[in-house]
Asker: 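Please read through the structure below; I'll follow up with questions.
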Amino acid sequence: MMKRTFAFFFIGLIGQVSAQESLIDTVFIDNQFSKVSKTAKISNLNSDKILENSTSLSDLLRFQSNIYIKENGRGATSSPGFRGTTAQQTAFVWNGININSIFLGQGDVNNMNPLSYENVGIKFGGGSVIYGSSAIGGSIHLNNILDFDKGFSGTLFSEYGSFGTSNSLAQAKFSNGNFSFNVNINHSRSENDYEVPQRKFINRNGEYQNTSFNLGLAYKINPNNEFYWQSQLYDSEQHYPVFSENQTKTKYQVQTFRSLAGWKFNSKSIKNNFKLAYLEDNFQYFGDINKTKTSGGTGKQYIIKNDFDFLVSKNSSFNLITEYQYNEAEGFGSGIKTPKRNLGSFSLLYRNSQSEKFYWELGAKQEIVEDYKSPFLFSASGKYTINNWYQTTLNISRNFRAPTFNDLYWQPGGNPDLKPETSNQVEISHNFSYKNFTLGITPYYMHIVDEIVWNQATSTIWTPKNISKVDSYGLEANLTFDKNFERHHIFSNLSYTYSRSVDLETKKQLRYVPKQRVNFNANYEYSFIGFFVQAFYNGKTYTDNTENNFVKEYMILNLGTLAKISSKVQLGFKVNNITNQIYQTVDYYFMPQRNYAVNLKLNF
Amino acid sequence: MKINKLLTGLFASVLLTFAACNDDDFDFNNQETSYSGILIANEGSFNKPDATVDFLSSDLSTSQSGIYKTVNNEDLGDVLQTIGFKGTNAFLVLNNSNKIVIANRFNFQKNATVTSNLVSPRYIAFTDSQYYVTNNNFFGTYKLNIYNNADNTFIKSINFDRYAEKVVEAGGNILVQTDGSLYNASTGTMDITGHTITIVKPSTNNIDKTITLPDSGEIKDLVSYEGSAYALSSTAADSYIYKINPADGTFSTVTLTGIANAQKLRIDSGYFYFIDGGNKVYSKMTATSTSEIKTLFTAPGYGSYGFNIIDGKIFVSDASFTGESTSYVYNASTGTQIKSFKSGIGTNGFYKN
């Protein structure tokens with residue numbers, strides 16, 4: 001099979017691999033995303049980049065961003081560490097709606113298939129004023145696109161990889177002047193039975209599969225009024241790896257339904273976006289794969305959100321975002337019965353671009369919740385374009401992470417008196433451009449108080465308390481090179497991250513925060529053929545809070561090639577972990593060594 | 001994780017083994033190596049094979065961490081629940097790995113691994129020819145497995161209705177704690193299942209008698225001392241120690257008036273030692289039921305996950321599951337602290353070796 005696929009590459013090939021998509025033309029359902037892009041550091045991964053790491057969102061973020069992904073073995077439970085913060089301090093945002101679990105307060109990275117999206121945006125730094133709880137270290141934006149006047153396009157993508165892995169996607173889009181339609185179905189599965197013989201490691205019971213169905217519709221009644229609707233249905237089963245043959249095998253199932261519908265109204269001075277959203281998460285854990293579920297839950301969120309943008313003048317605007325949410329949940333095997341809560345919030349932002357060189361905005365937010373007292377939040381951002389090769393941005397904000405239903409209501413142990421975690425933070429970006437190079441340097445600092453930590457209260461009961469204070473600070477540097485000449489196109493990005501997250505009591509680095517990380521991504525395209533390199537170096541990473549145990553530093557290298565056989569057919573081949581590195585992102589859970597994938601993409 | 005409601009190691013079998021050892025005249029100082037002294041069990045974090053065993057010399061002066069991995073060059077397993085001793089062997093019961101690793105107790109070289117019919121093994125006890133392992137997954141499986149000492153073959157299981165936790169050998173019989181508390185998924189509370197201790201006769205390997213303790217509390221511990229079994233049961237107001245005659249199941253009661261939620265019981269040199277719900281450690285003479293209860297000290301940290309008395313010293317651990325635990329040593333008669341030291345992840349037991 002592999003040999004035959006190789007042969008394909010040398011059959012006459014024509015065509016040009018598409019270049020980076022321009023963000024400006026893209027119509028995101030999340031109308032704030034382009035606004036926050038003005039001052040925030042954002043990295044956008046479009047469809048082509050997503051397909052380079054089609055296996056999972058964990059792989060995509062690990063190889064194409066500097067976020068630390070803790071994965072209990074490939075495809076299993078996975079959580080992010082963004083700028084040295086905890087998993088609960090990273091927000092996952094689906095088309096503008098925060099979708100972190102109301103039970104866990106974090107996103108389950110391997111239960112968000114990136115094939116469902118045409119854009120994965122990574123926004124660095126605080127964003128609670130707009131994106132709510134957990135937007136502290138940063139936020140990850142899963143965006144669908146509903147655009148107009150693009151006609152019909154379809155994509156079929158299928159990838160087969162080592163360890164019985166397949167990732168498939170079928171997408172069809174149609175749009176004319178007033179109607180837009182986007183349907184996407186994807187399915188990923190893997191036997192995932194990889195071995196690391198040097199460590200006597202077998203990823204036993206590691207299989208997983210998931211299926212997503214996404215449907216988007218938009219209709220413009222007239223130039224001023226547009227209705228849109230985007231929904232997602234997701235179903236998954238992950239088995240959790242066990243370390244020995246005799247260990248009881250466990251599994252986890254998730255069913256998710258998300259739907260949002262909205263009405264956009266545009267006039268000369270008013271842009272209003274009214275949305276209704278419904279989010280439902282169901283999950284079941286099976287302590288023994290052959291028995292009935294041991295625990296689980298259902299969370300439902302009903303959301304009404306209005307985004308009113310009033311243009312005072314051509315260059316200044318007030319933006320009032322009001323939101324009401326009703327959350328309800330039902331736990332099983334957690335002592336969480338049927339908690340409910342109402343919450344409302346008001347955000348007011350003022351944006352000013354009167355000066356050509358200086359853009360600034362101010363924001364404030366207050367949330368009113370039944371269960372806990374939410375802090376007053378603010379943001380202040382400015383971008384100063386000093387000359388044609390240097391600009392600088394400043395972001396100051398206060399952000400929060402709300403206590404979750406588990407934190408508050410888990411029985412026994414839940415603590416109804418918890419406060420939210422609060423973070424005061426600042427970052428300054430310096431961006432230089434020279435010819436085909438751009439250089440960004442961003443130091444950041446966060447002071448996080450009232451961090452919620454679960455500790456043992458008695459010999460049998462664990463309870464969460466607002467105890468930790470953490471300082472997270474660091475430096476991010478990015479160097480990109482982008483050049484087209486004749487039929488060649490080169491794009492490369494080198495990024496370096498230094499991050500410290502220090503528990504102010506113990507003065508130790510938080511666990512799973514690598515101090516140093518380097519990512520290198522490069523794409524080279526010539527005519528019909530393209531190559532890409534993904535490499536990252538992850539420094540020594542402590543796995544406990546006492547700086548005693550750690551996973552060693554490692555460098556992982558992936559190489560891929562793709563070829564357009566015709567304007568409609570593209571073939572790809574990829575070697576992951578080409579140097580056969582032995583590595584772990586969570587101690588004891590080894591990741592796969594060298595492995596392969598072939599894919600076929602059809603466009604019509 | 002509810003598994004973190006795991007309790008301490010089996011003390012009685014250790015004592016018993018020592019009684020046996022003395023008869024068999026083992027010379028601890030004449031072994032080739034080295035780990036004669038105190039063994040510390042660190043259960044590790046749940047769902048990771050990071051359980052370890054630390055060694056501490058009897059005079060507390062030298063220590064070595066992670067001795068199993070050092071000797072055998074492999075991870076021990078996932079959740080080291082307890083260590084039992086028989087002859088020259090240590091039986092390392094690994095709850096979430098569903099296995100028992102048998103290693104030489106002095107040089108720690110692995111001799112065998114037992115996996116047959118194990119489902120969340122908890123505690124272990126020995127007779128001359130057999131060993132008895134409780135299995136309790138707090139979710140439907142509550143049984144006592146019986147194995148042949150000579151070749152580790154599985155003999156049979158005895159199923160219980162509600163629980164199978166501590167197991168001890170006393171006076172030639174096997175006693176099993178067959179009640180405790182279970183998590184009630186619909187109410188989110190820990191519900192007491194009942195008040196029974198079950199006697200199993202090794203000659204037939206059948207249930208001989210079921211004893212129902214008369215208090216309304218929860219059975220928290222079961223130990224063996226000088227041929228009798230002692231059960232600890234406690235309520236939010238008072239606690240009770242029952243001295244059980246293993247031959248006929250009759251018992252006498254010592255009421256620990258005003259001691260709330262006592263959680264652990266050890267017996268050494270004629271004294272009971274126990275901890276209450278507030279982590280206060282007490283001693284009381286075993287001989288007279290009216291003897292005074294002496295408050296020794298309050299264990300530091302979140303609790304005393306591991307607790308034992310070795311050579312007149314009390315060992316307690318403040319277990320951490322995210323990093324090193326801290327263990328403390330106290331003088332058993334005065335309650336003054338002698339030493340504190342770092343131990344592995346989730347320290348849950350101290351054993352004389």
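Proteins come first, then strands; the chains are lettered A, B, ... in the order of their sequence lines, and each starts at number 1.
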Asker: Measuring heavy-atom distances to chain B, does A:V586 have an atom under 4.5 Å in its side chain, in its backbone, in both, or in neither?
Answerer: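 Only the side chain of A:V586 comes within 4.5 Å of chain B.
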Asker: Against chain B, work out which of A:K291, A:R199, A:K337, A:K200 has the most heavy-atom pairs shorter than 4.5 Å and name it.
Answerer: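 Sorted descending by pairs with chain B, the first entry is A:K337.
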Asker: Which atoms of A:D587 come close to chain B, meaning under 4.5 Å heavy atom to heavy atom: side chain ones, backbone ones, both, or neither?
Answerer: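 Contact with chain B: backbone and side chain both.
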Asker: Heavy-atom distances under 4.5 Å only: say whether A:T248 touches chain B with side chain, backbone, both or neither.
Answerer: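 Its backbone and side chain both get close to chain B.
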Asker: Quick one: what part of A:Y589 sits under 4.5 Å from any heavy atom of chain B, side chain, backbone, both or neither?
Answerer: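 The side chain, not the backbone.
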Asker: Tell me, side chain or backbone of A:N548 under 4.5 Å from chain B's heavy atoms, or both, or neither?
Answerer: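 Only the side chain of A:N548 comes within 4.5 Å of chain B.
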Asker: How long is the gap from CG on A:D544 to OG on B:S320, to the nearest 0.5 Å?
Answerer: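 Between A:D544 CG and B:S320 OG, I get 8.0 Å after rounding to 0.5 Å.
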Asker: Rounded to the nearest 0.5 Å, what separates atom CG in A:N246 from atom OG1 in B:T113?
Answerer: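 These two atoms lie 10.0 Å from each other.
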Asker: For A:Q198, does the CD atom sit with more than 12 other heavy atoms under 6.0 Å from it, leaving out its own atoms?
Answerer: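 For A:Q198, atom CD is crowded (more than 12 foreign heavy atoms under 6.0 Å).
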Asker: So which part of B:N73 gets closer than 4.5 Å to some heavy atom of chain A, the side chain, the backbone, both or neither?
Answerer: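 Backbone of B:N73 only, per the 4.5 Å heavy-atom cut-off to chain A.
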Asker: Heavy atoms only, distances under 4.5 angstrom: which of A:Y542, A:W454, A:F243, A:Y409 has the most pairs with chain B? Name it, please.
Answerer: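 Most heavy-atom pairs under 4.5 Å with chain B: A:F243.
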Asker: Which residue is it: B:N47, B:T115, B:L94? I am looking for the one with a side chain to side chain contact (heavy atoms under 4.5 Å, CB included) to A:Q247.
Answerer: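 Exactly one option meets the side chain to side chain contact (heavy atoms under 4.5 Å, CB included) with A:Q247, and it is B:N47.
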Asker: On a heavy-atom basis, which atom in B:Y183 and which in A:Q411 lie closest, and how many Å separate them?
Answerer: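 Looking at all heavy atoms of both residues, the closest pair is OH-O, 2.8 Å.
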Asker: Tell me, side chain or backbone of B:T141 under 4.5 Å from chain A's heavy atoms, or both, or neither?
Answerer: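 Just its side chain gets close to chain A.
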Asker: Please look at A:T294 and chain B and tell me whether the side chain, the backbone, both or neither of the residue comes under 4.5 angstrom of a heavy atom of that chain.
Answerer: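 For A:T294, backbone and side chain are both near chain B.
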Asker: Atom CG of B:D50 and atom CG of A:N549: how far apart are they, to the nearest 0.5 Å?
Answerer: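 The CG atom of B:D50 sits 8.5 Å away from the CG atom of A:N549.
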Asker: Take atom NZ in B:K280; do more than 12 heavy atoms of anything else shown fall under 6.0 Å from it?
Answerer: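 It does not: B:K280 NZ has 12 such atoms or fewer within range.
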Asker: Heavy-atom distances under 4.5 Å only: say whether A:T292 touches chain B with side chain, backbone, both or neither.
Answerer: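 Answer is both: backbone and side chain atoms of A:T292 are under 4.5 Å from chain B.
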Asker: Quick check on B:N184 against chain A: is it the side chain, the backbone, both or neither that has a heavy atom closer than 4.5 Å?
Answerer: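 It is neither, since no heavy atom gets under 4.5 Å.
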Asker: Taking every non-hydrogen pair under 4.5 Å, which of B:G278, B:P49, B:S97 racks up the most with chain A?
Answerer: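 If we count pairs closer than 4.5 Å to chain A, B:P49 comes out on top.
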Asker: Heavy-atom cut-off 4.5 Å, strictly under: side chain, backbone, both or neither for B:T189 against chain A?
Answerer: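 No part of it gets close to chain A.
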Asker: Should the heavy atoms of other residues, nucleotides or ligands under 6.0 Å from NZ of A:K293 be counted, would the total exceed 12?
Answerer: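 More than 12 heavy atoms, drawn from other residues, nucleotides or ligands, come within 6.0 Å of this atom.
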